[in-house]
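One is the number of the first residue; the rest follow in order along the sequence. For the numbers below, each heavy atom of this structure counts, side chains included, while hydrogens, waters and symmetry mates do not. Because the structure is a prediction, the values reported are computed rather than measured.
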Amino acid sequence: MGEDEGEAAGILANLERVEVASYRAAGGNACAAEASIAAVGAELARAGWWPMVVERSGAGGSWVFARGDAEGELAGLYVIDLDGGALELVRLEGRIDRLLADAIRVDPGSAAHLVDDAR
């Protein structure tokens with residue numbers, strides 16, 4: 001295993017769970033899917049998740065929900081991306097705060113795009 005692969009494995013070791021799902025819907029269903037995402041957001045909120053990022057664009061958007069652990073550390077991310085008829089879901093659980101810190105430590109410039117839009 002090379003140095004880069006070892007660093008990547010160390011960073012990813014912070015994850016306990018990764019779930020990914022992709023769905024394709026026939027044209028015209030984007031508006032119905034967006035209403036469903038609002039219902040999903042309400043259900044996630046009841047389970048302790050909070051909206052971290054919401055970005056809407058045209059017939060879709062992206063939503064990122066976060067969840068903390070008992071110590072208040074970032075312990076989960078749930079990403080929903082809707083682009084026309086494509087719906088992508090990604091759920092990460094583990095030491096998300098440590099994963100991000102390790103990734104930034106290994107390549108500080110790689111995180112610059114995370115704050116570009118916030119300026």
(request) Please determine which of Val79, Val53, Val54 meets the side chain to side chain contact (heavy atoms under 4.5 Å, CB included) test together with Trp63. (result) Val54
(request) Output the distance between atom CG (Leu92) and atom CD (Glu19), rounded to the nearest 0.5 Å. (result) 9.5 Å
(request) Take Phe65 and Ile80 through the side chain to side chain contact (heavy atoms under 4.5 Å, CB included) test and state the conclusion after the steps. (result) CA-CA 8 Å; Phe65 296 90; Ile80 302 171; 4.0 Å; yes
(message) Could you measure the distance from the CD1 atom of Ile96 to the CG atom of Leu77? Nearest 0.5 Å is fine.
(response) 5.0 Å
(message) Using the side chain to side chain donor-acceptor pair (under 3.5 Å) criterion, which residues pair with Glu71? Sequence neighbours excluded.
(response) none
(request) Check for a donor-acceptor pair, side chain of Asp83 on one end and backbone N or O of Ala86 on the other, with a separation under 3.5 Å. (result) no
(message) What's the separation between atom CG in Leu89 and atom OG in Ser22, rounded to the nearest 0.5 Å?
(response) 8.0 Å
(message) Can you tell me how far apart CH2 (Trp49) and OH (Tyr78) are? Round to the nearest 0.5 Å.
(response) 8.0 Å
(request) Not counting sequence neighbours, which residues clear side chain to side chain donor-acceptor pair (under 3.5 Å) with Glu93? List them please. (result) Arg67, Arg91
